[in-house]
Amino acid sequence: MNSLVFFIFSFLLLGISNANSQTQTVFYDSINKQKYALIDVHKTYERVIEKGYASIEMFEYLGKYYYESKDFEKSKLYFDILFKKYKLSQISSKSIELYKTL
């Protein structure tokens, strides 16, 4: 049930981000004659968190994203919030492992 809520919430966020040109790049597929957009999910999540809406999945995603991007300061920031706000049993083992290396 939690993952269903997360996917619905993510879908809504993607719809919101379509209205914001700062977080998307629009391309035109000449073969299929359709437009498509690449959306910066991490920027969208950051904006949503700034507005006061958040989920465990968002903090985990941002922590992992910045860790893999070698931005360890931002990674630690989001992991710190994650570990302060949620119980250890709710956090994925991958996030726990990454947090221990920071």
Side-chain angles (χ1 to χ4, degrees):
M1 185 66 173
N2 245 353
S3 61
L4 177 62
V5 172
F6 173 71
F7 286 115
I8 292 171
F9 190 67
S10 297
F11 181 72
L12 290 173
L13 289 177
L14 292 177
I16 292 168
S17 69
N18 281 336
N20 187 346
S21 63
Q22 294 176 356
T23 60
Q24 74 177 8
T25 306
V26 177
F27 293 96
Y28 183 75
D29 181 2
S30 61
I31 295 171
N32 294 324
K33 308 290 185 210
Q34 294 179 346
K35 287 184 182 179
Y36 63 95
L38 296 179
I39 299 168
D40 292 332
V41 176
H42 66 282
K43 289 182 183 178
T44 303
Y45 280 175
E46 287 176 331
R47 279 196 336 274
V48 170
I49 289 170
E50 285 175 7
K51 292 183 182 206
Y53 304 101
S55 70
I56 190 168
E57 291 87 359
M58 286 182 185
F59 290 119
E60 284 188 316
Y61 174 85
L62 289 170
K64 290 175 189 176
Y65 172 81
Y66 285 114
Y67 186 90
E68 292 169 2
S69 299
K70 308 285 189 237
D71 188 346
F72 300 115
E73 258 183 59
K74 278 194 171 180
S75 177
K76 184 164 178 10
L77 170 77
Y78 287 110
F79 277 136
D80 282 344
I81 295 169
L82 174 71
F83 281 85
K84 287 178 185 171
K85 221 174 170 180
Y86 298 97
K87 296 177 184 175
L88 197 58
S89 62
Q90 295 175 295
I91 301 171
S92 73
S93 59
K94 176 73 174 173
S95 292
I96 294 169
E97 288 176 31
L98 292 178
Y99 187 65
K100 286 179 181 179
T101 65
L102 294 174

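In what follows, residues are counted from 1 in the order of the sequence shown. Predicted model, so just to flag it, every value in this text is computed and none were measured.
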Please check if any side-chain donor atom of Thr101 sits under 3.5 Å from a side-chain acceptor atom of Tyr67, or the reverse. yes

Taking atom types as modelled, find out whether Tyr78 and Glu46 have a side-chain donor-acceptor pair closer than 3.5 angstrom. yes

Rounded to the nearest 0.5 Å, what separation is found between the [atom1] atom of [X] and the [atom2] atom of [Y]?
X     : Y      : atom1 : atom2 : result
Glu97 : Leu102 : CD    : CG    : 12.5 Å
Ile91 : Tyr99  : CD1   : OH    : 9.0 Å
Leu82 : Leu88  : CG    : CG    : 9.5 Å
Ile56 : Ser95  : CD1   : OG    : 8.0 Å
Glu68 : Ser75  : CD    : OG    : 9.0 Å
Leu77 : Phe72  : CG    : CZ    : 15.0 Å

Salt bridge (Lys or Arg N to Asp or Glu O under 4.0 Å) pairs touching residues 77-95, sequence neighbours excluded, are Lys76-Asp80

Is it the case that the side chain of Ser69 and the backbone of Tyr65 share a donor-acceptor pair, with hydrogens and angles ignored and the cut-off at 3.5 Å? yes

Using every non-hydrogen atom in the two residues, find where Tyr66 and His42 come nearest and quote the distance to one decimal. OH-CD2, 3.5 Å

Closest non-hydrogen contact found for Ser92 with Lys64 is OG-NZ, 3.8 Å

Sequence-distant partners of Tyr86, ring pair (Phe, Tyr, Trp, His ring centres under 6.0 Å), two or more places apart: none

Side chain to side chain donor-acceptor pair (under 3.5 Å) with Gln90: which residues, sequence neighbours excluded? none

Can you tell me how the ring of Tyr61 sits relative to the ring of Tyr45, calling it parallel under 30°, perpendicular over 60° and tilted otherwise? perpendicular

Do Phe79 and Leu62 have side chains that get closer than 4.5 Å, going by heavy atoms? no

Quick one: does Glu73's side chain get under 4.5 Å of Asp71's, heavy atoms only? yes

